> 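Would you mind keeping the following structure in view while I ask a few things?
Indexing begins at 1, ligand by ligand and atom by atom, following the structure's order. Note: hydrogens, waters and symmetry copies are ignored here, and every other heavy atom, side chains too, is used. Nothing here was measured: the structure is a model prediction, and the numbers come from that model.
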Amino acid sequence: MSAVPRVEINDAWRGWIAENLILGAHPHTLVGVMMQSGIAERAARTELEAAARSPYLRGAARMHNRVAKRDWLLGIQSRLNKLEPFEVPRRERLPGEVFLEEHYRRNQPVIITGMLEDCPAREKWTFDYLAGQLGGREVEVQFGRDADPDYELNSATHKRRMRFGDYVAMVREAGVTNDFYMTANNDGHNKSALAELMRDLPPLDQYLQPGSGGFFWFGPAGTITPFHHDLTNNFMIQIAGRKRVRLIAPCETPKLYNQRHCFTPVDGRAIDLQRFPLMADVPVIDCVLAPGEILFLPVGWWHFVEALDVTITISTTHFKWDNDFYSWYPHNRDF
Ligand SMILES: O=C(O)CCC(=O)C(=O)O
C-alpha cells in the first residue's frame, strides 16, 4: 500500500491558524482539524508553537482587542434596546422637522403614512400603462437568481437587457418567483430609460432635495433581497404591492457574521441557529410595508425584503440633511 501523501502547511493554513488563535480557539482543537486534513501531527504542533511565539500574531491580537472594545460598546446599546420591545412606528404625514429630530438624527426607522394619497404613480402605473407607454424601451433586469445563492453579491453577473414591454409581461405572468427582479443594481441603465416615470411621484420636499428621482424596483411576488445594510439613509417609497421587511439594529453587527462588504450569510427566511448561534440573541423587527407608505431605512440598519405581491418601490437617498457616510466607509471590503 502506498503512503498517504501528507498535506504541507502553506500560508493559507498559517492565516487560518492566526485567525483562529486570535478568536480564542484552543491549539489542541486546531491540531485536530489540521490532522484530519492530512497534516502530520508533529508539523501541526510545531507550527502552532511558532505561531504562539510570533510577534506578528501579538500585533494582530492587539488589534483584535481594540475591535472587542468597540463590540462591547455596541453590545451595551444592544442590551439597552432590549429594555423595551421595539416596533417600527407608523406616523401619519410626519412633518420634516419632526422626522429629522425623532428619526433621521437618531438613526431610528419609521413608516410614514399619508404622504402618497395624491401620488399619480399609484393609479397610473398599471401593467397596461407601463407596457403601453414605455414598452419599447430597452431596460436592464437581474436574471438567473435562482441558480446562484450569492445573487446579490454577484449582481453584476446577473444583468440582462430586454424590452420593458417583455419584462412587464413576464412579471404579469410569473406567479411567485425570485428568479428575476428589476433592482437598484440596474439603475445605471434604467435611470434614463424610465426617466419620465419620476414625474408621477410627489416631491416629498419636507424630507428630500428638489428633483431627487430614485431607483426603480419592480418585480413579481416572491422577490427576496437578502439581509444587508445600506451605506446611506434610504427611503423605500411603496407604490404597488406589499413588502415584508425584517430589520436588525446596527449595534447587532458583531453577531451577524458580516465578513464581506455589507452582506451576511444569515438567511432572513429561516435563520439557522446551528450555523449562526450568535443570532439567537439578535432581535429581528418585522413589518409589512403597504402601498402608499414610506419606510425610512436608517444607514447601517440590516434589512431583508420579501415581496408579498407584484411590487413597485422607488428608493431614494437624496435627503435634505447630511447623508454622506459612504466616503469614509472602509475601503477593504473583506472583514
Ligand atoms: O425592495 C427591495 O427588494 C430591497 C430594497 C433595499 O434593500 C434597499 O433599498 O436598500
> For atom 9 (O) of ligand 1, which protein heavy atom lies nearest, and how many Å away is it?
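Of every protein heavy atom, Asn234 ND2, 2.9 Å lies nearest to atom 9 (O) of ligand 1.
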
> Is the gap between the ring centers of Phe227 and Trp301 under 6.0 Å?
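For Phe227 and Trp301, the ring centres are not under 6.0 Å apart.
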
> Can you check whether Tyr104 and Phe296 have ring centres sitting under 6.0 Å from each other?
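Yes, the ring centres sit under 6.0 Å apart.
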
> Using a strict cut-off of 4.0 Å, indicate which atoms of ligand 1 neighbour a heavy atom of Thr225.
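Close to Thr225: 2 (C), 3 (O), 4 (C), 7 (O).
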
> How does Phe215 reach ligand 1, if at all, at less than 4.0 Å between non-hydrogen atoms: by side chain, backbone, both, or neither?
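Near ligand 1, Phe215 shows nothing, with every heavy atom at 4.0 Å or more.
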
> Looking at Phe180, Tyr151, Tyr167, Tyr181, which hits ring-ring contact (aromatic ring centres under 6.0 Å, His included) with Phe143?
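Exactly one candidate clears the test, Phe180.
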
> If the cut-off is 4.0 Å to any non-hydrogen atom of Val305, which atoms of ligand 1 fall inside it?
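This gives 1 (O), 2 (C), 3 (O), 4 (C) as the contact atoms.
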
> By number and element, which atoms of ligand 1 are closer than 4.0 Å to a non-hydrogen atom of Met236?
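In order of number, 1 (O).
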
> Please say whether His228 places an N or O atom under 3.5 Å from an N or O atom belonging to ligand 1.
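Yes.
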
> Any idea which atoms of ligand 1 are less than 4.0 Å away from a heavy-atom of Lys243?
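This gives 1 (O), 2 (C), 3 (O) as the contact atoms.
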
> Which of the numbered atoms in ligand 1 are under 4.0 angstrom from any heavy atom belonging to Asp230?
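The list of qualifying atoms is 8 (C), 10 (O).
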
> Would you check if the distance from the ring center of His303 to the ring center of His229 is below 6.0 Å?
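No; His229 has its ring centre 6.0 Å or more from that of His303.
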
> Determine, using ring centers only, whether Tyr207 and His103 are less than 6.0 Å apart.
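Between Tyr207 and His103, which both carry aromatic rings, the centre distance is not below 6.0 Å.
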
> Which of the atoms of ligand 1 are close to Tyr181, meaning less than 4.0 Å from one of its heavy atoms?
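It comes down to these atoms of ligand 1: 1 (O), 2 (C), 3 (O).
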
> Knowing that exactly one of Asn185, Thr183, Thr225 qualifies, which makes a side chain to side chain donor-acceptor pair (under 3.5 Å) with Glu152?
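Looking at Asn185, Thr183, Thr225, the match for Glu152 under the side chain to side chain donor-acceptor pair (under 3.5 Å) is Asn185.
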
> Verify whether the ring centers belonging to Phe235 and Phe99 lie closer than 6.0 Å.
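Under 6.0 Å, so yes.
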
